[in-house]
Protein chains: 2
Amino acid sequence: MPEQAETLRRTPLSRDRVLRAAVALADEAGIESLSMRNLAQDLGVVPMALYKHVANKDELLAGMIDVVVGEIDPAVAGGDWKQAVRRRILSAREMLLRHPWAPLAIESRNTATPAILAYLDSMIGTFRAGGFSVDLAHHVMHAMGSRILGFSQELFDASRRAGRSGTPDPEPPAADFPPEVAAAFPHVAEIARAASHDDESVVGPGCDDQFEFEFALDLLLDGIERLQRQGWTSSHRSR
Amino acid sequence: MPEQAETLRRTPLSRDRVLRAAVALADEAGIESLSMRNLAQDLGVVPMALYKHVANKDELLAGMIDVVVGEIDPAVAGGDWKQAVRRRILSAREMLLRHPWAPLAIESRNTATPAILAYLDSMIGTFRAGGFSVDLAHHVMHAMGSRILGFSQELFDASRRAGRSGTPDPEPPAADFPPEVAAAFPHVAEIARAASHDDESVVGPGCDDQFEFEFALDLLLDGIERLQRQGWTSSHRSR
DNA sequence: CTCCTAGGTGTACGCCGTACACTCACGGTA
DNA sequence: TACCGTGAGTGTACGGCGTACACCTAGGAG
């Protein structure tokens, strides 16, 4: 029976293998290329085979999210809450840089996954251990919002988004608009000009993402620290 | 010729009518129901007719975004930058409450639309007029991120997202987990419990969205004000 | 040896966006 | 009046999507 090559189907499918292949596919080809059909092809299998391991595409997405959220460094107990939170969030951000599809995938879901809940829970635990009241911890979590998972929530700089891994950015990453655009939006243009000049130690022209992220993070953490030091309580619901 | 009813086709299509109908459809039925086919049916027209007025679905989305961003109150010149920014952002948030599909639509696009650029430009202008350096204005815009457009960027509270306009939330909006979930995520459960108790003046159980939004907004604005008062410059790139 | 079962297959359906060729009422010109 | 170009709306068709459902089949349990 020479059909051996057929019978030894490559290592049999499993939920884990499906999820890992899906993450790899989304990392390399972009989330828009992640279809059940493409994924099945990558795994050398017919599309419907996937449904023996995930209920549907939505559950596949949820599983992928749990995989990547699981990559975030675990919390370290003890020590300064501020440093602990800062380090953990920067670790989350590193994960997101490896999986640029994750923010959109997480935000388009309507329910949190178990891994996300676990992450949030341990983050709240860090605040509570740092002496935060339940209320203050609650509001602070809201204030950090999705930044707590490392999201940059840009919206502002339209350049960065385009860069997919494949080509090394064929367009120069912007920062120079066509002049009629610059005239229409003078303040945006002014900032873009300044940012493309003073690139001290910044790789290309444009914004230093890491700096911007930490700027915002520290702005929040410093504000939070001040509230906590002042013994904030919900009676402060001012204005 | 009694076919008059056919010849007087209802008010002829136009880009504006298409965009307004699309916004209305997304508002009422959710962004996931916005297909070219559904939209055409709402307009009493065949799907391909839409393509005489918008290039493709992506351009339709961009047009819809420009429509709703145009609903944000215009900037008022003069006066306190902090109040001006605060008011404008709260106006943006009101717009988003009318168009809950907008955040996802905006974030999933890879380029800013003209209306968004104009909004950002005038926001930067407010900071600059308030005495901010180009650099500080730049970083501050990054730090506000998509919150500047009124985004709440929740990720935390899984309850709110479900609520579509149609049914009046058949499920109680959560805040009470099944007990085994509460045991697995004790800190999350603690906050949910506290938030569902102390609803002073809050409508249902759960979080007071408006309060959480303003809490985060003021945390940022207060931090920004402090930086600006202290004469922040890029040499402060510390840590 | 038989039967059950779990994992992989094949076909099919109803959506989606949209390319492309068409009809046909209209306004301008000769 | 006759023509004709133009542009809005039509009809058909294609390839891709998620996935329901019936089927096959290899391997283990009795």
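We name chains A, B, ... by the order of the sequence lines, and we start the count at 1 in each one. Nothing here was measured: the structure is a model prediction, and the numbers come from that model.
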Quickly work out the [X] [atom1] to [N] [atom2] distance and round it to whole Å.
X	N	atom1	atom2	value
A:Leu34	D:dT19	CG	P	12 Å
A:Arg15	C:dG7	CZ	C1'	16 Å
B:Leu39	C:dC16	CG	P	11 Å
A:Met48	C:dT9	CE	C1'	10 Å
B:Asn56	C:dC16	CG	P	17 Å
A:Asn38	D:dG15	CG	C1'	13 Å

Margin query: Could you check whether any side-chain heavy atom of B:Arg147 comes within less than 4.5 Å of a side-chain heavy atom of B:Leu220, counting everything from C-beta outward?
Written below: yes
If you only use heavy atoms from C-beta on, which nucleotide in [options] is closest to the side chain of [X]?
X	options	result
A:Met36	D:dC21, C:dG8, D:dG18	D:dG18
A:Tyr51	C:dG8, D:dG9, D:dG18	D:dG18
B:Lys57	D:dG9, C:dG17, C:dG10	C:dG17
B:Val46	C:dC16, D:dC17, D:dT10	D:dT10
A:Pro47	D:dC17, D:dT19, C:dT18	D:dT19

Next item on the list: Respond yes when some side-chain nitrogen or oxygen of A:His53 is under 4.0 Å from OP1 or OP2 of C:dG8, and no when none is.
Entry: yes
Margin query: For D:dG9, does the base pair up with any side-chain atom of B:Lys52 as donor and acceptor (N or O, under 3.5 Å, distance only)?
Written below: yes
Next item on the list: Determine whether any donor atom in the side chain of A:Arg37 lies under 3.5 Å from an acceptor atom in the base of D:dG18, or the reverse, and answer yes or no.
Entry: yes
Check: Can you find a side-chain donor-acceptor pair between A:Ser122 and A:Arg88 that sits under 3.5 Å?
Finding: yes
Check: DNA chain C: A:Leu50 or B:Asp58, which has the more 5' nearest nucleotide?
Finding: A:Leu50
Note to self: On DNA chain D, does the nearest nucleotide to B:Ala49 precede the nearest nucleotide to A:Ser33 from the 5' side, or the other way round? Give the residue.
What the structure shows: B:Ala49
Next item on the list: Using a strict 4.0 Å threshold on nitrogen-to-oxygen distance, state whether A:Glu59 and A:Arg15 make a salt bridge.
Entry: yes
Margin query: Quick check on the 6.0 Å ring-centre criterion: do B:His142 and A:Phe211 meet it?
Written below: no
Checklist line | Shortest non-hydrogen separation from A:Met64 to A:Ala26 and the atoms involved | finding: CE-CB, 3.9 Å
